Structure formats: C-alpha cells, structure tokens
**Q** 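Once you've had a glance at the structure underneath, I'll fire off some questions.
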Amino acid sequence: METAITMIQFAVYGGDTVLRGYLVAESEGWGSRQLEIGSSLVVGRAADCGLVIEDGAASRRHLEITTRQGGYYWRDLGSTNGTLLNNRRASDGRLEPGDVLRIGDTTLRLEVREVSEAPVQEAATMLATMRDWQGEESGAGPVRDKTSDLLRAVYSVMNEVATNYEPCALVDKILQTTMRAVDAQRGAIVFAGKTAQELGPCPVCHFIHMIREGELYRGQREELRISNTVAQRVLSGGESLLYRDTDDHGDLNDAASIMALNLRSIICVPLRGKNGILGILYMDSNRPDQQYTQDDLLLSTAVGNSAGLAIENAHLHNQILEKQRMDQELQYAWSIQEGFLVREWPDHANHFEMYGETRPAKVIGGDFYDFVQPLPDHVGILIGDVSGKGIPAALTMAQLLAEFRLCARGTASPVEVLKALNADLVKRSRHGMFCSLCYLILDLQTGTAHCANAGHHPAVFLTKKGSRLYGGASGPPAGVLPYTAWKDVKSVLDPGDTVLLYTDGIIEARSQDFPQGGAEGYDEYGAERLLALAEGFYARPPRELIEAVNVDVLHHCGPVSPHDDCTMIAVRYLG
C-alpha cells in the first residue's frame with residue numbers, strides 16, 4: 001500500500017447566521033451611508049473617525065458607539081454642540097434597534113440585521129488519497145492543523161488592510177483574529193512609547209487594546225498586567241518569544257513579573273512596520289492545561305508582521321484624507337480672502353483709472369491691496385505684505401483691511417493712517433507678526449500725491465520722461481515698534497502719469513537658469529527690469545501694465561511659478 005498527496009485546494013468555510021449592528025447615517029447635504037459598527041465606531045469630522053460626517057455641527061470626534069455583552073452603547077465625546085437621542089439631548093446610554101442619534105442635520109440610526117458570517121478563505125487544505133495493492137483509491141479526508149489557522153489569521157489581517165482604515169477598529173480586529181486562532185486566554189496590543197524601552201497606549205484613542213475573559217476592553221496603562229521582562233525584550237530586540245513554564249528559559253524562569261502573575265505560558269511578538277517596531281502583540285495564560293506551541297508562535301509572528309504594515313497603511317490613509325480636507329478648507333479660505341479684495345473698479349471716473357490684482361504663491365497668502373476714497377476728490381491706494389504665509393497671514397491681512405477702511409475715512413495724511421494701523425497691530429501681534437505697508441493718496445483736483453511707506457518697496461512713478469522709484473521706506477514695517485515717525489513724501493502727477501505699488505514677490509521672483517552667481521545664486525527679476533518694462537506702458541490703462549508685468553515675471557521664472565505672492569495696484573491720473 002502507498003500513500004500519495006494528490007491535490008491541494010483552497011476551501012471556504014462559514015455560513016453561520018449572526019446578528020450584526022449597522023449605523024445608517026443620513027443627511028440632505030451628502031445623502032446616505034451605512035457602516036458596520038464592529039467592536040467600536042467613532043463618528044465625527046476628523047479623518048481618523050470610523051464614520052466621517054460633513055456636518056458643521058459635528059465636532060472632530062463627536063461620539064463613540066461600542067459593542068459590549070451583546071448590546072450597543074454610545075457616549076458623547078465632549079462635543080461642542082451635543083447630541084440628541086430620539087430628539088432628546090443625552091450624553092450616553094444603551095442603543096436599541098431603531099434608535100436615532102442626531103448631530104446637527106445628520107441622523108444616525110441603529111439597525112440590527114441577521115446575516116451570514118462572511119466566508120473566510122482558509123489555508124491550503126491537503127487532501128490525502130490512499131491507494132491499496134489493487135490500485136483503488138479511497139479518500140482519507142482533509143487534513144487540517146495549525147497551518148490552516150495561521151493562513152486564515154494572516155488572510156483575515158490582510159483583508160482588513162484593504163477594507164478597514166479606521167486604526168482603532170483595525171487594532172481590535174488584529175487582536176481578536178489572533179487570539180481566536182491561538183485560542184489564547186488573555187491578550188493585548190501595546191504600542192511603543194517615546195523611547196525604545198517604553199510601552200504606551202494606542203496613539204489614536206489613547207487606551208490599551210485588551211481582551212480578557214473573552215471581552216474586548218480598552219483600559220488605562222496601569223490596568224495592563226503583563227510580563228514587563230518579556231515585553232521589553234521583544235520591543236527592544238525585535239525577537240518573537242514563546243515562554244512555557246515546562247521549558248528551560250533561564251532568565252525568564254526567574255523573572256519577577258512572570259512569577260508575580262503566576263503565568264504558565266506567554267507569546268509576545270513585535271508589530272513590525274516599515275520604519276521599525278510599532279509595538280507588541282502579547283498573549284499569556286495562567287492555566288496549566290493551556291501551553292502555547294511553536295505553531296502558535298509562528299502564527300502570531302506572521303500576524304505581527306502583517307499587522308504592523310496594516311496599521312501604518314491605516315494611518316497613512318487617514319493622513320491623506322486629512323490633507324485633502326485641509327486643501328479643501330484652504331480653497332474655501334482663499335475664496336473668503338478674495339472677498340476682502342476689491343474686484344470692481346470705477347469704469348467711468350473722470351479723473352483717474354485704477355486696477356489691482358494678487359496671485360498667491362500658496363492657496364492663501366499675506367499680500368493685499370485696497371482702494372478707497374477718503375475725501376471728496378481724493379483717491380487712495382494701499383498695498384501690504386504680512387510676514388509669513390498661510391492662514392495666520394491671511395487672518396492678519398483680513399483684520400488689517402477692515403481697520404484700514406475705518407482709519408482712512410476723512411484722513412488726507414497717509415502717515416496718520418499708518419500710525420493707527422501700527423498701534424493696533426503692535427497690541428495684537430503674536431510670534432513676531434508684522435506687515436510692510438505703502439499708502440498713497442492722490443488729490444484729483446491738483447494731481448498732488450502724498451505717499452507714506454512702512455518698510456515696503458518704493459513705488460514706481462511712470463511719467464512722460466520715463467520711470468523712476470518714488471516714496472521709499474521712511475520707517476520699519478507696522479507691528480515692529482509701538483511709536484514710529486514715518487514721513488509723507490509729496491509729488492505732483494501730470495495727466496497721463498501712473499503710480500504702481502507692488503510687493504516683493506515681483507522684484508524677488510527667481511529665474512531657474514542661475515545666470516548670476518552660478519548654482520548658489522538666483523537671478524531675481526529686480527527693480528531695474530520692472531522700471532524698464534513700465535516705460536513702455538506710459539499713458540496706457542493700469543490693467544494693461546499689471547498684466548504685462550505678470551506675464552514677464554512668469555516668463556522670467558519659467559518653467560516654475562514665483563516662490564512668493566505677486567501683488568500690484570496702480571492708479572493713472574487723467575487730470
């Protein structure tokens with residue numbers, strides 16, 4: 001008689017009917033979604049929530065629903081606007097099928113359904129065939145061992161990589177899957193702390209993920225009862241350990257933490273990520289009849305390697321979502337910022353023409369301009385550049401513009417306006433925030449212009465005789481010193497003359513060809529090039545001048561865009 005293995009096949013097991021809870025979220029703004037609750041589900045606006053809702057009334061982490069002892073329980077996570085349960089304000093409690101939680105315009109309804117267990121792709125099952133002396137075959141049936149449990153657990157974890165990007169729910173699933181395959185008594189997933197020797201909680205929920213007496217539990221660090229000797233050895237050395245009190249383990253047999261807990265068997269394996277060990281998967285038992293095996297260790301090690309990558313992928317996915325959310329918010333912020341800037345210019349003014357434009361280097365920036373008529377027969381143009389970039393600069397710019405429009409009313413002296421803006425900015429300035437400003441007032445009856453400059457670049461004065469710089473800085477930027485004596489610079493414009501104000505993004509625009517100074521220097525656009533270009537636009541509308549400068553700056557920087565905001569505003573005196 002001979003024995004032969006005739007085939008290897010993959011089998012699918014499952015089909016048992018179970019009850020599962022689902023959360024059905026509905027809103028007029030984005031429709032309807034549903035999600036299985038699992039062991040825990042956090043709802044809110046933050047990207048790391050299991051269910052992300054786009055509702056202005058929702059907090060970043062608004063509420064959490066957990067599964068305990070066959071039931072579903074919810075708690076408000078200290079949200080700003082609170083939560084309604086069946087149209088009554090509440091903070092926590094048990095949920096029954098059909099109960100409705102409301103956050104702003106979003107409803108969350110609990111549904112419990114009877115479903116079949118999702119089929120689990122098991123390990124390769126070997127079908128052995130017996131052949132007798134007559135050559136006839138008889139099936140010996142499938143041979144299943146710990147290898148199938150190993151592959152089932154690893155497959156389940158990898159399936160979570162593709163389907164679950166909520167980090168806490170993923171950690172729970174990894175722990176449950178491994179302990180079920182190993183038939184472990186107690187277990188926990190603990191993350192690496194600030195140092196290589198330190199154990200810490202989950203970086204998302206700030207609790208320890210544990211299973212004890214078959215119950216999934218999230219506890220504090222001091223509630224974790226594990227062998228620190230074993231945990232530190234795995235965390236620092238990256239080795240997988242199997243301890244059994246029936247084996248000779250040398251120093252482990254004498255470990256105080258093992259003796260104090262009366263442990264009979266321990267498995268501890270690292271959670272390996274791309275950049276190192278993220279934490280440990282720990283399981284122990286104090287039962288004399290439950291000794292973990294080498295197969296259990298092999299299974300746990302394989303899961304640990306896959307789990308680390310799965311957790312890293314989940315965090316990376318949430319970082320991408322958060323970046324997309326931030327990009328969208330920045331787009332909204334730029335739309336709001338644009339609303340502060342003048343977009344409609346006088347078309348039929350008898351004595352002047354005017355135009356301004358800004359092109360931020362990032363989505364939002366700190367450059368701004370404005371146009372006012374502080375007195376009858378007077379027009380004023382302002383340009384400013386707030387230090388820094390992004391949202392802080394944009395918020396400062398918005399407040400400065402609002403204050404400028406108040407300060408400029410009825411004032412014919414640019415210096416007095418700068419002093420008022422400076423006094424307020426000094427009081428509110430945080431982290432060294434300041435702003436360069438240049439403000440010019442033109443008397444339309446006489447053509448007399450007064451210009452005050454607070455640490456900004458001088459204006460371009462374009463006349464029939466050519467172009468020159470005008471109104472240089474007479475003091476530091478606003479927000480630097482509480483008291484500064486800026487000066488008004490007087491000049492007279494003839495009909496056809498133009499004054500152009502600009503920010504440093506124009507003259508500091510860099511060429512990528514490095515014709516000056518080699519690779520260590522940049523060829524900046526410069527004031528001379530700006531003056532030369534402006535001369536060709538004497539007696540032309542300000543819009544044509546500004547558009548021509550923008551085109552020339554882009555050509556100078558090509559193929560990349562300018563590294564700083566490019567902003568200009570110009571007024572042409574018609575007489």
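Just so it is clear, the structure is predicted and the values come from calculations on it, not from any experiment.
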**Q** Please test Arg233 against Glu239 for salt bridge (Lys or Arg N to Asp or Glu O under 4.0 Å), starting from the C-alpha separation and ending with a verdict.
**A** CA-CA 7 Å; Arg233 187 164 160 179; Glu239 57 182 318; 3.0 Å; yes
**Q** Measure the spacing between CG of Asp284 and SG of Cys268 and express it to the nearest 0.5 Å.
**A** 10.0 Å
**Q** Considering non-hydrogen atoms only, spot the tightest contact between Ala57 and Gly104 and give its length.
**A** CB-CA, 3.6 Å
**Q** Under 4.0 Å between a Lys/Arg side-chain N and an Asp/Glu carboxylate O for Glu223 and Arg221?
**A** no
**Q** Can you measure from CD1 (Ile311) to CG (Leu170) and round to the nearest 0.5 angstrom?
**A** 6.0 Å
**Q** Taking all non-hydrogen atoms of both residues into account, name the closest pair between Cys168 and His209 and its distance.
**A** O-CE1, 3.6 Å
**Q** Test salt bridge (Lys or Arg N to Asp or Glu O under 4.0 Å) on Arg109 and Glu111; report intermediate values, then the result.
**A** CA-CA 6 Å; Arg109 184 177 69 257; Glu111 293 187 1; 2.7 Å; yes
**Q** Side chains of Asn86 and Arg102, heavy atoms from C-beta outward: is any pair under 4.5 Å?
**A** no
**Q** Taking His62 for its side chain and Ser59 for its backbone only, find out whether a donor-acceptor pair lies under 3.5 Å.
**A** yes
**Q** With rounding to the nearest 0.5 Å, note down the distance linking OG1 in Thr301 to CD1 in Ile267.
**A** 8.0 Å
**Q** Less than 4.0 Å between a side-chain N and a carboxylate O, is that true for Glu96 and Arg94?
**A** yes
**Q** Got Gln176 and Leu216 here, is their nearest side-chain heavy-atom distance under 4.5 Å?
**A** yes
**Q** Roughly how far apart are Ser265 OG and Arg244 CZ, rounded to 0.5 Å?
**A** 7.0 Å
**Q** Can you tell me which residue among Val24, Leu63, Leu35 is in a side chain to side chain contact (heavy atoms under 4.5 Å, CB included) with Leu108?
**A** Leu63
**Q** Going by distance alone, is a donor N or O of one side chain under 3.5 Å from an acceptor N or O of the other, for Arg287 and Ser285?
**A** no
**Q** So, are Glu36 and Arg20 salt-bridged, with charged N and O less than 4.0 Å apart?
**A** yes
**Q** Identify the heavy atoms of Leu263 and Arg186 that sit nearest to each other, and give their distance.
**A** CD2-NH2, 3.2 Å
**Q** Output, in order, the C-alpha distance, side-chain angles, deciding distance and verdict of side-chain contact (heavy atoms from CB on, under 4.5 Å) for Leu297 and Tyr292.
**A** CA-CA 8 Å; Leu297 180 64; Tyr292 301 132; over 6 Å; no
**Q** With heavy-atom distances below 4.5 Å as the criterion, would you say the side chains of Leu85 and Val100 are in contact?
**A** no
**Q** Between Asp296 and Leu242, is there a side-chain heavy-atom distance shorter than 4.5 Å?
**A** no
**Q** State whether the side chain of Gln220 and the backbone N or O of Phe207 hold a donor-acceptor pair below 3.5 Å, judged by distance alone.
**A** no
**Q** Could you give the distance from CD1 (Ile53) to OG1 (Thr106), rounded to the nearest 0.5 Å?
**A** 4.5 Å
**Q** Pair Gln291, Asp245 - check side-chain contact (heavy atoms from CB on, under 4.5 Å), show working.
**A** CA-CA 9 Å; Gln291 296 279 321; Asp245 64 352; 3.1 Å; yes
**Q** As a quick check of understanding, evaluate side-chain contact (heavy atoms from CB on, under 4.5 Å) for Tyr22 and Val112, giving each step before the final call.
**A** CA-CA 6 Å; Tyr22 295 85; Val112 178; over 6 Å; no
**Q** Closest heavy-atom contact between Val234 and Pro270?
**A** CG1-N, 3.5 Å
**Q** Taking the side chain as every heavy atom from C-beta outward, state whether Ile65 and Val42 have any atom pair closer than 4.5 Å.
**A** no
**Q** So, Asn286 side chain and Asn262 main chain: donor-acceptor pair closer than 3.5 Å or not?
**A** no
**Q** Under a 3.5 Å distance rule, please check whether Thr178 uses its side chain to pair with a backbone N or O of Ser300 as donor and acceptor.
**A** no
**Q** Given Asp565, which partner from the list Asp504, Val386, Asp367 fulfils the side chain to side chain contact (heavy atoms under 4.5 Å, CB included) test?
**A** Asp367
**Q** Could you tell me whether Glu64 and Arg218 make a salt bridge, using a distance below 4.0 angstrom between a side-chain N and a carboxylate O?
**A** yes
**Q** Testing Leu224, Leu199, Ile189 one by one against Ile208 for a side chain to side chain contact (heavy atoms under 4.5 Å, CB included), which residue passes?
**A** Leu224
**Q** Could you tell me if the side chain of Glu54 sits less than 4.5 Å from the side chain of Arg45, heavy atoms only?
**A** no
**Q** Show, in sequence, the C-alpha distance, side-chain angles and deciding distance for Ile258 and Tyr243, and conclude whether the side-chain contact (heavy atoms from CB on, under 4.5 Å) test is met.
**A** CA-CA 10 Å; Ile258 294 178; Tyr243 167 82; 3.8 Å; yes
**Q** Heavy-atom distance under 4.5 Å between the side chains of Tyr282 and Ile266, does that happen here?
**A** yes
**Q** Measure across His206 and Pro203 and return the closest heavy-atom pair with its distance rounded to 0.1 Å.
**A** CE1-O, 3.4 Å
**Q** Would a distance-only check, ignoring hydrogens and angles, find a side-chain to backbone donor-acceptor pair under 3.5 Å from Glu166 to Leu51?
**A** no
**Q** Find the distance between CG (Asp76) and OG1 (Thr83) and round it off to the nearest 0.5 Å.
**A** 3.5 Å
**Q** Which pair of heavy atoms, one from Ala231 and one from Ile226, lies closest together, and at what distance?
**A** CB-CD1, 3.9 Å
**Q** Taking the side chain as every heavy atom from C-beta outward, state whether Tyr72 and Asp99 have any atom pair closer than 4.5 Å.
**A** no
